[in-house]
Amino acid sequence: MPSGLFKQQNNQWVFAGPTPPSFEGYAGDHRKLLTDYIFQLTPEEQRRVASSMPRTKAAVQLKGNRRQAAVEERRTVSGGSR
């Protein structure tokens, strides 16, 4: 979790930055609110969120490694090599 995302206020953790109007009057811990939200995302919502985020170098590298592993596996299964 990014540092600085939450701050402690009145003996609970709340978002440190701006919050949507729907948070108005919410008296609970915002860490729980965020956790509950994440676990309620549908697969479609997860894909939409993931596609809107910038790709990190590590994620791009991992995807490339998977692709290379798949190519090598096909070569092994087919008995050929290049």
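Note that the structure is a prediction, hence the values are computed from the model and not measured.
Closest approach of Gly4 to Ala16, counting heavy atoms only: O-CB, 3.2 Å.
Note on residues 5-15: no pairs pass side-chain hydrogen bond (donor to acceptor under 3.5 Å, both in side chains), not counting sequence neighbours. Sorted by first and then second residue, the side-chain hydrogen bond (donor to acceptor under 3.5 Å, both in side chains) pairs involving residues 20-29 (not counting sequence neighbours) are Asp29-Arg31.
Scored by the side-chain contact (heavy atoms from CB on, under 4.5 Å) test, Arg48 finds Glu45 as partners (sequence neighbours excluded). For Asp36, the side chain to side chain donor-acceptor pair (under 3.5 Å) partners are Lys32, not counting sequence neighbours.
Taking the six-membered ring for Trp and thresholds of 30 and 60 degrees, Phe23 and His30 have ring planes more than 60 degrees apart, a perpendicular arrangement.
Residue Arg47 holds its CZ atom at 11.5 Å from CG of Leu41, rounded to the nearest 0.5 Å.
Chaining together hydrophobic side chains whose heavy atoms lie under 4.5 Å apart places Val49 alongside Met53.
Taking hydrophobic clusters as Ile, Leu, Val, Met, Phe, Trp and Tyr residues chained together by side-chain heavy-atom distances below 4.5 Å, Val14 does not share a cluster with Tyr37.
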Given side chain to side chain contact (heavy atoms under 4.5 Å, CB included), test Leu5 with Leu34 step by step and report yes or no.
CA-CA 11 Å; Leu5 183 61; Leu34 178 62; 4.3 Å; yes

